[in-house]
Protein chains: 2
Amino acid sequence: MSKKGEEITDCNYQAPIFNALTKSEMSLLDSHRIEVRYQPGEIIFKQGSPCSHVVSFDEGQAMEYVEGANKARIILRLIKPPEFISGTGIFSDMKHQFSLKAIVPSSACFIEFGSIKELILKNQAFVQAYLKNIDNSLKYSYYKLSSLTSKYQLGRLSETLLYLANDFYETNPFELTISKPDLGGMSNMSKESVYRLLNELEKDGIIKIEGNLFTIFKPQRLAEISRNS
Amino acid sequence: MSKKGEEITDCNYQAPIFNALTKSEMSLLDSHRIEVRYQPGEIIFKQGSPCSHVVSFDEGQAMEYVEGANKARIILRLIKPPEFISGTGIFSDMKHQFSLKAIVPSSACFIEFGSIKELILKNQAFVQAYLKNIDNSLKYSYYKLSSLTSKYQLGRLSETLLYLANDFYETNPFELTISKPDLGGMSNMSKESVYRLLNELEKDGIIKIEGNLFTIFKPQRLAEISRNS
DNA sequence: TCAATATATTGATATATATCAATAAATAAA
DNA sequence: TTTATTTATTGATATATATCAATATATTGA
């Protein structure tokens, strides 16, 4: 097992849920896993396809998205390691409910669901961690549902920018690794609206954009906009 | 324990998840539960409030909804017995992620989460049923997310009408027990839009509305509209 | 280097949909 | 019954936002 921070990872079980496992349980998983590397844009799993494994996302960055009525897509959230991704549907209809796509070179470890299920049934700490994981997904999904349906686009875009700085990249000037039109996918708006509103926020001195480098000058102002519009 | 179909119910454990329990496990729950009766409009639990119990919804009808930015609310789905409602957040931040409100006189049984957790940890069939339950909620939530953000209002309202006939009331002429403006809460639109579109669907001979009695004449046409707009 | 493609920008227009407003019908209260 | 209140209806208007279009800039490939 490699430590967090090393360059090459190989199913390193760094996600918090794996803390619940003993060494021998990890070895069990080792014999039921496959590691796969992805290039930017490659789909790791696709909404609607059979779901037989969980994913330990070990390296790179990816996006979780759901497909809408037309070609529209909503980007639910971005993923960075270490992350444990349990395809929802694994206890119901065995189909993926969302798609996962690499946005930079990435590495994902597929662990057979059978062995995960075994651990869920016999390891009390593991099942609690697993339930916490789904619970958080559900919580986030409900939040997104109300936010995407009740806010104006400026509020939604501001929320996305704060999410990127605070939760995803976790730095203030941050280098955007998705495209600017993808900000529209995260905030549910057209790419033209994204460009227009970004310029507006920049003109108001709230943010600065140089290429893909985003600086948030007034995070509290952005939070206010996110709340009130 | 009363059988399904009887008038008065009292924590009857009819929801599928309870099939996983033995008689003695049910007795355990019996000593950790409280039954509460509600009048129409009364809140059973409120988004953001502490979540310490799960709910067995035994009688009546209720709505699950999330509160949006302004006073806006999205009605996630309607609930009828038997239904097991595990407040999400019970494994994460111990707060309710949505509200539940009675729409007709209803009866709900609150079961202490401690005893549910005990069963999750020791009964393998129960934990699987519990996971299936959350999984379905997540699946539904993702579906709603894409549907509410990618369809036009006519498509969303058609979807709601089909949901009511096929999944909730399960009869074709159905008596609406929520208000017509609430159809807007389910479809994310203003009440005026609801009235306009209902009249439009009626003029086109797709549905008929007499008071609160809704008849769907052309369900396949409605499904088509729901899909393509 | 030059062409070709993708990304960014901005304006004009179209359109979905909310909001406001006025009134009608239905229901409840007195 | 008469009044008051809620629910329903419909039109006019305002507005958020997408779409279309034109062009500019940057990036890539030949």
Side-chain angles (χ1 to χ4, degrees), chain A residues 39-41 68-75 103 146-161 175-204 207-214 225-226 228-229, chain B residues 39-41 68-75 103 146-161 175-204 207-214 225-226 228-229:
Chain A
Q39 288 310 304
N70 315 315
K71 70 271 126 179
R73 67 159 62 151
I74 293 292
I75 299 173
I103 56 186
S146 81
S147 148
L148 289 182
T149 54
S150 72
K151 287 182 182 181
Y152 293 124
Q153 49 180 209
L154 184 60
R156 302 197 303 268
L157 184 64
S158 299
E159 179 173 308
T160 295
L161 294 175
E175 190 75 26
L176 191 72
T177 50
I178 57 175
S179 71
K180 282 171 191 166
D182 276 340
L183 292 176
M186 296 188 75
S187 319
N188 195 33
M189 69 187 67
S190 71
K191 60 182 191 310
E192 291 92 339
S193 292
V194 172
Y195 289 125
R196 257 185 271 264
L197 294 173
L198 285 179
N199 287 344
E200 198 176 302
L201 287 171
E202 199 166 19
K203 238 171 273 164
D204 294 348
I207 62 170
K208 187 174 70 176
I209 305 171
E210 296 153 294
N212 283 318
L213 187 72
F214 282 63
I225 293 171
S226 163
N228 305 327
S229 59
Chain B
Q39 289 309 307
N70 315 317
K71 70 272 129 179
R73 65 159 62 152
I74 293 292
I75 299 173
I103 56 187
S146 81
S147 147
L148 289 181
T149 53
S150 73
K151 287 182 182 181
Y152 292 123
Q153 48 179 209
L154 185 60
R156 302 197 302 268
L157 185 64
S158 300
E159 179 174 307
T160 295
L161 293 176
E175 190 74 26
L176 191 72
T177 50
I178 57 174
S179 71
K180 282 171 192 167
D182 277 340
L183 292 176
M186 296 189 74
S187 320
N188 195 31
M189 69 186 67
S190 71
K191 61 182 189 310
E192 291 92 339
S193 292
V194 171
Y195 290 126
R196 257 185 272 264
L197 294 173
L198 285 179
N199 286 343
E200 198 177 298
L201 287 171
E202 199 167 17
K203 237 172 271 163
D204 293 349
I207 62 170
K208 186 174 71 175
I209 305 171
E210 296 153 294
N212 282 317
L213 187 73
F214 283 64
I225 292 171
S226 164
N228 306 325
S229 57

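Worth knowing before you read on, the calculation uses all heavy atoms, side chains too, and leaves out hydrogens, waters and symmetry mates. A note on names: the letters A, B, ... follow the listed sequences, proteins ahead of strands, and every chain is numbered from 1. Just so we're clear, the structure is a prediction, and the values are computed from it rather than from any experiment.
- Rounded to a whole Å, the CG atom of B/Leu197 is 12 Å from the P atom of D/dT10.
- Applying the salt bridge (charged side-chain N to carboxylate O under 4.0 Å, His left out) rule to B/Glu192 yields no partners; only residues at least two apart in sequence or on another chain are considered.
- The backbone N or O of B/Ser146 lies less than 3.5 Å from a partner atom in the side chain of B/Ser150, making a donor-acceptor pair.
- On a pure distance criterion of 3.5 Å, a polar donor-acceptor pair joins the side chain of A/Arg196 and the base of D/dT19.
- Residue A/Ser193 is in sugar-phosphate contact alone, with no base atom involved, counting any heavy-atom pair closer than 4.0 Å across all strands shown.
- By the side-chain hydrogen bond (donor to acceptor under 3.5 Å, both in side chains) test, B/Thr177 pairs with B/Gln61, B/Tyr169, sequence neighbours left out.
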Checking side chain to side chain contact (heavy atoms under 4.5 Å, CB included) for the pair A/Met189/A/Leu197: CA distance, chi angles, key distance, verdict?
CA-CA 11 Å; A/Met189 69 187 67; A/Leu197 294 173; 3.9 Å; yes
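- Protein atom NZ of B/Lys203 is 10 Å distant from nucleotide atom P of D/dT9, rounded to whole Å.
- Evaluation of the ring-ring contact (aromatic ring centres under 6.0 Å, His included) rule for B/Phe214 yields B/Phe174 as partners, not counting sequence neighbours.
- Partners of A/Lys191 under the salt bridge (charged side-chain N to carboxylate O under 4.0 Å, His left out) rule, at least two apart in sequence or in another chain, do not exist in this structure.
- Comparing the axis of the opening five pairs of the helix from C/dT1-D/dA30 to C/dA30-D/dT1 with that of the closing five pairs yields an angle of 30°, rounded to 10°.
- Here the P atom of nucleotide D/dT17 and the CE atom of B/Met189 are 17 Å apart, to the nearest Å.
- Every residue two or more places apart in sequence or in another chain was checked for a side-chain hydrogen bond (donor to acceptor under 3.5 Å, both in side chains) with B/Ser158, and none qualifies.
- When the C1' atom of C/dT9 is taken as reference, atom CD of A/Glu202 falls 13 Å away, rounded to whole Å.
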Show each protein N/O and nucleotides 13-16 of chain C N/O combination with a separation under 3.5 Å, one pair to a line.
none

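- Between the CD atom of B/Glu192 and the P atom of C/dA21 there is a distance of 12 Å, given to the nearest Å.
- Atoms CD1 and OG, on B/Ile103 and B/Ser179 in that order, are 9.5 Å from each other to the nearest 0.5 Å.
- Note: B/Arg156 CZ to B/Ser187 OG = 7.0 Å, rounded to the nearest 0.5 Å.
- We find that CZ of B/Phe214 is positioned 12 Å from C1' of D/dA8, with the value rounded to whole Å.
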Kindly give the atom pairs (protein nitrogen or oxygen, nucleotide nitrogen or oxygen) under 3.5 Å for nucleotides 5-8 of chain C.
residue, atom, partner, partner atom, Å
C/dA8, OP2, A/Tyr195, OH, 2.5
C/dA8, O5', A/Tyr195, OH, 3.4

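- Under the 3.5 Å distance criterion, the side-chain polar atoms of A/Glu202 are matched with a main-chain donor or acceptor of A/Ile209.
- For B/Asn212, the side chain to side chain contact (heavy atoms under 4.5 Å, CB included) partners two or more places apart in sequence, or in a different chain, are B/Glu175, B/Leu176, B/Lys180.
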